[in-house]
*Asks:* 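Here's a structure for you.
So that the names make sense, note that chain A is the first sequence line, chain B the second, and so on, each numbered from 1.
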There are 2 protein chains.
Amino acid sequence: MQVATFNCNSVRRRLDVILHWLAVHNPDVLALQETKVQDHDFPEDAFLDAGWNVYFRGQKAYNGVAMITRDPVEYVSFGLQDDDGESASRLAHVTCGETAIVNTYVPQGSELGSPKFAFKLEWFTRLRRYFTERFEPTRDRVLWIGDLNVAPTPADVYDSQKVWPHLCHCQEVIDAFRAVTDWGFHDIFRKHLPESGRFTFWDYRLRNAVENGLGWRIDHVLGTQSMTDASVSCDIDVESRLQKGSSDHTFVTASFR
Amino acid sequence: MQVATFNCNSVRRRLDVILHWLAVHNPDVLALQETKVQDHDFPEDAFLDAGWNVYFRGQKAYNGVAMITRDPVEYVSFGLQDDDGESASRLAHVTCGETAIVNTYVPQGSELGSPKFAFKLEWFTRLRRYFTERFEPTRDRVLWIGDLNVAPTPADVYDSQKVWPHLCHCQEVIDAFRAVTDWGFHDIFRKHLPESGRFTFWDYRLRNAVENGLGWRIDHVLGTQSMTDASVSCDIDVESRLQKGSSDHTFVTASFR
DNA sequence: GTGGCTAATG
DNA sequence: CATTAGCCAC
């Protein structure tokens, strides 16, 4: 099984990029974040016409998640389900055979110490509860993927000391993230690619950020023990980020036995 | 000599289209309207690097004219010169050898009877004065080209009766336009292509307008008697309008002995 | 429909 | 730098 995640920064703007990537890589599941489109404007037919199944939930201008799958899924839901549906455009959950895949777009947090930052911290807490209430880490095959807006170690940022403390690289956020992983997630990406300098996001505002290594690893592939054991490789499609008309993030792929 | 006119609807958006067209057609002069760019943002280098000379005057968001020439010109000026420079982004005047070429982007007029409509009518009056003060129609080789925002005869609109009275096809505007041509301009386009249904502009908002013949002839090539006598052919590049990423107008070309 | 503008977000 | 929205013009 091959699973991928991509913060596409507008699914409409990135439609050709995504369809091309799907055609070349033919994954079982592609998880998208920041689709930035309301459901009635989602380019559903473009995916259906290319032979994919697509499940999505979005809102105007911000957020939005989608799952593109080769086979229809047995289960799909959106949101943390502890609210009135406000989180629907940040969490998509599908079941493919024995595997649950939870795709999240964790709030970015706006500014350290801001209300949105508090909301981000809470979001990790709510997400931990989401997992504890639904799964048993020693029993279930669970993948947590997506744009988690956290670079959890110094190896995950181009210059940890320089950026610290940052929205995605500060103690509070790392602790909040760790509180989720402590439930029972392992970093599948790091199992296969332990060296530093492997990034998944480069700010548009930094020119030649990719060439100069000015990136962040904030898009993740995490899994329970059984998923981690079953994983055989991970990869970042850096080339795609170098194309013009690309998202500021790129595709991260994981393969499983 | 080959001269062309093109309302490019943003020279920045249309840069590739224009450079490609220049490379293929290699005209002596290409007159552009609606460049929609301030001078400090005009893509001058792109034309210079391709071996062209370029003279331009624009403003923010609206209007803007440019002359692209194979050889440097002996004279260039902008505007009607009866104002504080407000008309500079609607009139470019160059001299190439014995020939004066005046490229205008006549005000569209917004709405029948509006202040902008009155401004349009005035503009033709001011333009007649521009010609009378500078040229002698029986002596001088003068070309008047550009987007004149007038379809002067029923043959110049897809359905004259249906659209009448329209900003670009009503008695007042036709009379104002005729007052200029009466000074001494002949319709060089019509000398070579007398049949109706030859259009240079198709509204973006009408789907398949070109295929359905829903166009207008509002981009013109007019000349004094000597220019008209020297003219050998005219052509509209309809194909260019059918490409995606095209302007709503297309290129009109005239060849001279 | 397709431009460009401003403003906000990231 | 690159999205979105809402505005305006043609």
Side-chain angles (χ1 to χ4, degrees), chain A residues 7-15 17 32-38 41 58-64 89 105-112 114 116-117 120 147 149 166-168 201-210 214-216 218 241-249, chain B residues 7-15 17 32-38 41-42 58-64 89-90 105-112 114-117 119-120 147-151 163 166-168 201-210 214 216 218-219 241 243-250:
Chain A
N7 178 319
C8 59
N9 188 13
S10 171
V11 68
R12 287 178 292 185
R13 287 275 179 169
R14 229 62 66 198
L15 193 52
V17 168
L32 299 177
Q33 306 88 38
E34 288 213 82
T35 55
K36 293 188 174 179
V37 65
Q38 293 173 95
D41 288 326
Q59 64 181 71
K60 194 187 281 201
Y62 303 111
N63 311 328
S89 58
Y105 175 50
V106 172
Q108 191 248 8
S110 188
E111 209 174 310
L112 286 172
S114 68
K116 285 181 179 171
F117 184 74
K120 176 179 189 169
D147 179 355
N149 268 315
H166 179 282
L167 276 178
C168 297
F201 162 81
W202 297 263
D203 196 308
Y204 280 133
R205 287 165 289 189
L206 273 51
R207 264 184 332 215
N208 303 114
V210 181
L214 303 179
W216 298 70
I218 58 179
R241 177 61 178 84
L242 290 164
Q243 304 299 117
K244 90 168 149 72
S246 88
S247 169
D248 43 358
H249 296 245
Chain B
N7 178 319
C8 61
N9 189 12
S10 171
V11 68
R12 286 177 292 185
R13 286 277 179 167
R14 229 61 67 196
L15 193 52
V17 168
L32 299 176
Q33 306 87 38
E34 287 212 84
T35 55
K36 292 188 174 179
V37 65
Q38 293 173 96
D41 288 325
F42 193 99
Q59 63 181 73
K60 195 188 278 198
Y62 304 112
N63 311 329
S89 58
R90 291 187 179 275
Y105 174 51
V106 171
Q108 191 247 8
S110 186
E111 209 174 312
L112 287 172
S114 67
K116 285 182 179 174
F117 184 73
F119 179 72
K120 177 179 189 169
D147 178 356
L148 310 190
N149 268 316
V150 57
V163 305
H166 179 280
L167 276 179
C168 298
F201 162 80
W202 296 263
D203 196 308
Y204 281 134
R205 287 164 289 191
L206 273 52
R207 262 193 326 240
N208 302 114
V210 182
L214 303 178
W216 298 69
I218 56 179
D219 303 279
R241 177 61 178 82
Q243 304 301 118
K244 91 165 148 72
S246 88
S247 169
D248 43 358
H249 297 247
T250 195

*Asks:* For nucleotides 4-10 of chain C, just jot down a letter per nucleotide in 5' to 3' order: B, S or -, based on protein non-hydrogen atoms under 4.0 Å.
*Replies:* SSS--SB

*Asks:* Looking at residues at least two apart in the chain, or sitting in another chain, which of them share a side chain to side chain contact (heavy atoms under 4.5 Å, CB included) with B:S89?
*Replies:* B:Q59, B:N63

*Asks:* According to side chain to side chain contact (heavy atoms under 4.5 Å, CB included), who are the partners of B:L15, at least two apart in sequence or on a separate chain?
*Replies:* B:L19, B:P43, B:A46, B:F47

*Asks:* Look at the side-chain N and O atoms of B:R14 and state whether any lies under 4.0 Å from the OP1 or OP2 oxygen of C:dT2.
*Replies:* no

*Asks:* Can you give me the first and the last nucleotide of DNA chain D (5' to 3') that has an atom within less than 4.0 angstrom of a non-hydrogen atom in chain B?
*Replies:*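 Under 4.0 Å from chain B, the extent on DNA chain D is D:dA9 to D:dC10.
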
*Asks:* Could you tell me which residues satisfy side-chain hydrogen bond (donor to acceptor under 3.5 Å, both in side chains) with B:D219, sequence neighbours excluded, listed by chain and number?
*Replies:* B:T200, B:H249

*Asks:* Taking atom C1' of C:dG3 as reference, at what distance in whole Å does atom CG of B:N63 sit?
*Replies:*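 Taking atom C1' of C:dG3 as the reference, CG of B:N63 is at 13 Å.
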
*Asks:* If the condition is side chain to side chain contact (heavy atoms under 4.5 Å, CB included), which residues does B:K116 pass it with, not counting sequence neighbours?
*Replies:* B:S110, B:S114

*Asks:* So, using side-chain hydrogen bond (donor to acceptor under 3.5 Å, both in side chains) as the criterion, who are the partners of B:R207 when residues are at least two apart?
*Replies:*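 Listed in chain order: nothing, the list is empty.
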
*Asks:* Can you sort out the partners of A:D41 under side-chain hydrogen bond (donor to acceptor under 3.5 Å, both in side chains), two or more places apart, ordered by chain and number?
*Replies:*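 Once residues adjacent in sequence are excluded, A:D41 has no partner under the side-chain hydrogen bond (donor to acceptor under 3.5 Å, both in side chains) criterion.
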
*Asks:* Can you name the side-chain hydrogen bond (donor to acceptor under 3.5 Å, both in side chains) partners of A:Q108, sequence neighbours left out?
*Replies:*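 With sequence neighbours excluded, A:Q108 shows a side-chain hydrogen bond (donor to acceptor under 3.5 Å, both in side chains) to no residue whatsoever.
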
*Asks:* Would you confirm whether B:R241, through its side chain, and B:W202, through its main-chain N or O, come within 3.5 Å as a donor-acceptor pair?
*Replies:* yes

